[in-house]
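Working notes, structure below.
This is a predicted model, so every value here is computed, not measured. Below, read A as the first sequence line, B as the second, and so on, with proteins coming before strands; counting in each chain starts at 1.
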2 protein chains.
Amino acid sequence: MATLPAKAEQSTSFQPLYAQVYALMTERIGSGQWQPGALLPNEFQLAAEFKVSQGTVRKALMALEANKLIVRRQGHGTYVARHTAQQALFQFFRIVDLDGTRLTPASRAFAQKSAKATRAQTQALGLKPGAALHSITRVRSFEEDAAIFETIMVPAALMPGLSVILNQEMPEEMYVIYQQHFGITITRADETLAAVAADAQDAAHLQVPEGTPLLEITRIASDLNGKKVELRVSRCKTSAYRYAAEIT
Amino acid sequence: MATLPAKAEQSTSFQPLYAQVYALMTERIGSGQWQPGALLPNEFQLAAEFKVSQGTVRKALMALEANKLIVRRQGHGTYVARHTAQQALFQFFRIVDLDGTRLTPASRAFAQKSAKATRAQTQALGLKPGAALHSITRVRSFEEDAAIFETIMVPAALMPGLSVILNQEMPEEMYVIYQQHFGITITRADETLAAVAADAQDAAHLQVPEGTPLLEITRIASDLNGKKVELRVSRCKTSAYRYAAEIT
DNA sequence: GAGTGGTCTAGACCACGGT
DNA sequence: CCGTGGTCTAGACCACTCG
């Protein structure tokens, strides 16, 4: 959540009306009462329902839109945001070429397994010791050039049957799967980057000599309630690719 | 230039009132008519001056605050944002330790020179071929551990006398200097990251073996008009440090 | 033409910070 | 106490999309 916190309690922690409306609406989205893609009531209907003015509803809607939980289209209506492969890539994929042009990867998965989380993993995801993780390993390529070797780990309890789904279709974007099959909408990712030397496994998958410097991106992705849902470690060649970040 | 421009906007270039007010105010800040740290007139005074309602002024002020050009303090007033070392570090410095804790570097500069920009540099900064660049090379450390070796390049024409200023005081944050001495406020930085092997120079300054993987951060910093002001290349050890980014 | 979101206005009251 | 920004309301009109 970028702009608005949630939860209103007693007089000790006053929340403006629009923040309370915001919280009520995120709850409906998070609970599935409003499904991704659904059309919301218009501003006046919402205002009547929440017993506030249309301007107050508008302020909550603007915040929801800023946090990408809804999409507003003039003359059309307000919709719950839905992850599509393009949208998720545009929002979360930060690898560009040397000119800064956005790239679109092709993914090839080749391993899935379940295992107990290590201490570091439980800590990163805020899980209980010994929780089960499901992990997917894959290689992402740009025009046949294997560029990224990555492992994606999710708490098994959050996504029962994930392996069955992935055996049927291996998607370009995991976040579409999370949302469509498990009602989990990723809204935030925190990444830390380091430079590492390619080990034997990296070298084999990315076709570089062992010891080649690689960009290691560690991501923790969270849903709209701030719950940590996914741990992902990506190792990326930077011979012709870059990680792009903007600070504003 | 004092008040609102001509009305009668054509359909091709319609701008909402609040956007026009926003533009007028950024212009005053950029031109130095409102200096960093200055107290702005209150909302009603601004509304009267621009001949719009207070609500419209408010919307422009909220946008300016979101873009960090002003700071608003309830019961106090609205001020033009001023860079301080802490503020600039908090906003622009993305290196953290392994726990994700923000770090504060100590800098030691050891070289300054002026030279013609290379083709790649003129292209990155949008300069004419052969433009002069002033460059500063320094090492940044965390608790005596030399961690970052970086080169900062600025168009000499933008900052006449920079070397004299830096010989008198070597600041922790260049952006304070840019603002206080040259009226240039950095509001945006675009960074691209790669993994590289330490060369002999890196190895000597950062006390690592040649070939050690380093994080190379290339930054282009821009002022509030979007003008590219600085090119910076930082090479960072990631033995105990990380680059942190968040995606929302 | 009907319905939607987008902009603009005018006025009210509240919370905060300093006198 | 006063002046500031923060919130909330009510109503008006405009711009866009679609049937």
Side-chain angles (χ1 to χ4, degrees), chain A residues 3-25 29 34 37-81, chain B residues 3-25 29 34 37-81:
Chain A
T3 51
L4 284 179
K7 293 299 161 217
E9 285 304 320
Q10 293 305 322
S11 56
T12 54
S13 64
F14 165 78
Q15 288 290 106
L17 264 188
Y18 65 79
Q20 298 176 36
V21 172
Y22 177 98
L24 287 169
M25 291 202 276
I29 295 172
W34 284 340
L39 172 64
L40 265 54
N42 72 33
E43 298 183 348
F44 285 96
Q45 292 169 323
L46 289 168
E49 184 174 352
F50 293 125
K51 302 215 168 46
V52 298
S53 75
Q54 177 253 7
T56 300
V57 167
R58 166 173 290 272
K59 193 155 183 181
L61 288 170
M62 300 291 270
L64 286 165
E65 185 182 36
N67 291 356
K68 301 189 176 65
L69 269 63
I70 61 173
V71 176
R72 317 190 74 197
R73 284 162 55 193
Q74 182 174 167
H76 210 171
T78 300
Y79 297 82
V80 180
Chain B
T3 45
L4 278 176
K7 348 184 60 181
E9 296 286 343
Q10 290 304 329
S11 57
T12 54
S13 66
F14 166 77
Q15 285 289 103
L17 265 188
Y18 66 81
Q20 299 176 35
V21 172
Y22 177 98
L24 287 169
M25 292 202 275
I29 295 172
W34 285 339
L39 172 63
L40 264 54
N42 71 34
E43 297 182 349
F44 286 95
Q45 292 169 324
L46 289 169
E49 184 175 353
F50 293 127
K51 301 212 169 45
V52 299
S53 76
Q54 176 254 4
T56 301
V57 167
R58 167 173 290 272
K59 193 154 182 181
L61 288 170
M62 300 290 271
L64 287 165
E65 186 182 35
N67 292 352
K68 300 189 177 64
L69 270 64
I70 61 173
V71 177
R72 315 190 75 196
R73 285 162 53 193
Q74 181 172 165
H76 209 175
T78 299
Y79 298 82
V80 180

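Nearest-nucleotide positions on DNA chain D place B:G75 closer to the 5' end than the other of B:R72 and B:G75. Judged by closest nucleotide on DNA chain D, A:V52 is the one of A:V52 and A:H76 placed further toward the 5' end.
Across all their heavy atoms, B:L61 and B:I70 have their closest contact at O-CD1, 3.4 Å. Annotation for B:I29 and B:L69: closest pair CD1-O, 4.2 Å, computed over non-hydrogen atoms. Closest heavy-atom contact between B:A60 and B:M25: CB-CE, 3.7 Å.
Distance CG (A:L61) to C1' (C:dG5): 10 Å, rounded to an integer number of Å. Going from atom CZ of A:F44 over to atom P of C:dA2 covers 17 Å, rounded to whole Å. Between the P atom of C:dG3 and the CZ atom of A:R73 lies a distance of 19 Å, rounded to the nearest Å. Atom-to-atom, CG of A:L17 to C1' of C:dA15 comes out at 15 Å; the value is rounded to the nearest Å. The distance between atom CD of A:E43 and atom C1' of C:dG5, rounded to the nearest whole Å, is 6 Å. Distance, B:Q74 CD to C:dC14 P: 14 Å, rounded to whole Å.
Think of the region where chain B sits on DNA chain D: with heavy atoms and a 4.0 Å cut, that region ends 5' and 3' at D:dG3 to D:dT7.
Distance check, rounded to the nearest 0.5 Å: CD of A:Q20 to OG1 of A:T56 gives 10.5 Å. The CG atom of B:L40 sits 4.5 Å away from the CH2 atom of B:W34 when rounded to the nearest 0.5 Å.
Residues A:E43 and A:R58 are paired through a salt bridge, judged by an N-O separation under 4.0 Å between the basic side chain and the carboxylate.
In this structure, A:R58 reaches the bases: a heavy-atom distance under 4.0 Å links it to at least one base atom across the strands shown.
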